[in-house]
Amino acid sequence: MAAQASRLSIFISRSLPPEAVARARSRADVDFNDVDAPLPRAELLRRLHGRQGLVCVITDAIDEELLAACPELKVAANVAVGFNNIDVAAATRRGVVITNTPDVLTETTADFAWSLLMAAARRVVEADRYVRDGRFTQWENMLLHGGDIHGKTLGIVGFGRIGRAMARRAQGFGMRVLYQDAVAADAATERELRAARADLATLLRESDFVTIHTPLLPETRHLINAEALQRMKKTAYLVNAARGPVVDEAALVQALAEGWIAGAGLDVFEDEPTVHPGLVGLSNVVLAPHIGSASADTRLRMANLAVDNCLAVLEGKAPLTPVNPEVLTRK
Ligand code: DGY
């Protein structure tokens, strides 16, 4: 038993909660980057070389070059639900299992997207700054007016797990919900979430809040471009807690600066960690450093799930949340 465990060999590319590292160490030989910053590419390749398992994060490019340099790799377990950092087709060709961390982060990410929505509409960050700057010298009737949320229309772009969690939250605010997705939800889900499917143009035209929850795919890159932003109401808000490149950031800067829309809340950016300089100077946008799933409990659940996925593959068992399950049946 112990002899078999010692043969399993994992590299963890980024600092994770210590409990998750210990979980991996209890069943495998583990090397890990204990710094919360990306490793230089050459170091990542060097330290991964010869290992069978990788626990990685969204800033690691798992591409043809890495897969070719590490032919013993059997599994790359991403500590994220999104996996646009991974060339899944190349991994599948090479028989490398890819896993992600769905479900465990759904509610936490929706909580944060909802916080951005509320912060942008009710100008929470501007209000905080106003008080800190010592400008709150008297109550004012006309101060920091924002947009109402209750009773308005929420447009959800991408009606997967997180999009649906947003729809559930909208019910508590008495909102009408529209959603756009390539696949229609079943009638029971639409009824339960009081959500109606719409095409993107209708959703943009009718929504007071547009919130993005679609994965980054070739067809969703710059889905929200200048034309889309011009279709939105001048009083509407855009929220993006999915992937930055779904929004054309330069067009969004223009939309916010010129009043095409009222405001935005962004947790993700086109070229992270770079933020378009035009956004930084605008007061009608709330900015966050990609922390949608960053509650302590959820980040631990994500790390544990990734470790469990990695160990399962190395121990010859089925991973819990594979992205390319066809690799498993081929073996
Ligand atoms: C995800 O899970 O895809 C997040 O963006 C990373 O936390």
Side-chain angles (χ1 to χ4, degrees), residues 12-17 19-21 32-33 35-39 54-63 75-88 91 97-117 156-166 181 211-218 220-221 223-224 238-247 249 264-275 286-310 319-324:
I12 301 177
S13 73
R14 188 69 88 94
S15 103
L16 292 183
E19 297 94 320
V21 177
F32 71 104
N33 171 19
V35 178
D36 204 358
L39 283 178
L54 169 65
V55 176
C56 54
V57 297
I58 54 169
T59 53
D60 299 315
I62 310 304
D63 54 14
V75 52
N78 219 28
V79 190
V81 66
F83 46 85
N84 52 291
N85 57 310
I86 300 178
D87 185 341
V88 177
V97 179
I98 303 300
T99 66
N100 67 342
T101 59
D103 298 316
V104 292
L105 50 65
T106 300
E107 300 302 330
T108 299
T109 305
D111 282 350
F112 192 72
W114 201 264
S115 315
L116 285 177
L117 181 155
I156 302 172
V157 178
F159 208 49
R161 300 175 189 84
I162 301 171
R164 290 172 194 208
M166 291 297 278
D181 198 291
T211 186
I212 298 169
H213 300 288
T214 180
L216 177 61
L217 303 167
T220 61
R221 185 173 288 273
L223 183 68
I224 306 300
L238 179 74
V239 173
N240 189 5
R243 285 293 181 265
V246 176
V247 176
E249 221 163 71
L266 304 176
D267 185 41
V268 289
F269 302 90
E270 242 192 287
D271 184 25
E272 292 177 17
T274 303
V275 177
V286 177
L287 307 173
H290 201 146
I291 55 167
S293 61
S295 75
D297 288 346
T298 291
R299 283 285 161 92
L300 176 58
R301 277 194 290 264
M302 291 165 69
N304 280 340
L305 176 54
V307 165
D308 288 350
N309 275 325
C310 190
L320 294 136
T321 49
V323 167
N324 56 352

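What's counted below: heavy atoms across the whole structure, side chains too, no hydrogens, waters or symmetry copies. Note that ligands are numbered from 1 as they come in the structure, with each ligand's atoms numbered from 1 the same way. Treat the numbers as computed from the prediction; the structure is a model and nothing was measured.
Remark: S293 OG to D267 CG distance equals 8.5 Å, nearest 0.5 Å. Atom-to-atom distance recorded for D181:CG and R164:CZ is 7.5 Å, nearest 0.5 angstrom. Annotation: the span from L320 atom CG to L305 atom CG amounts to 6.0 Å, rounded to 0.5 Å. Rounding to the nearest 0.5 Å places CG of N78 at 8.0 Å from CD1 of I58.
Of all heavy-atom pairs between V55 and A306, the closest is CG1-CB, 4.1 Å.
At a 4.0 Å heavy-atom cut-off, the residues surrounding ligand 1 are A80, V81, G82, L105, R243, H290, S293, R299, M302, listed by chain and number.
A 4.5 Å side-chain heavy-atom check between N304 and R301 finds every atom pair outside the cut-off.
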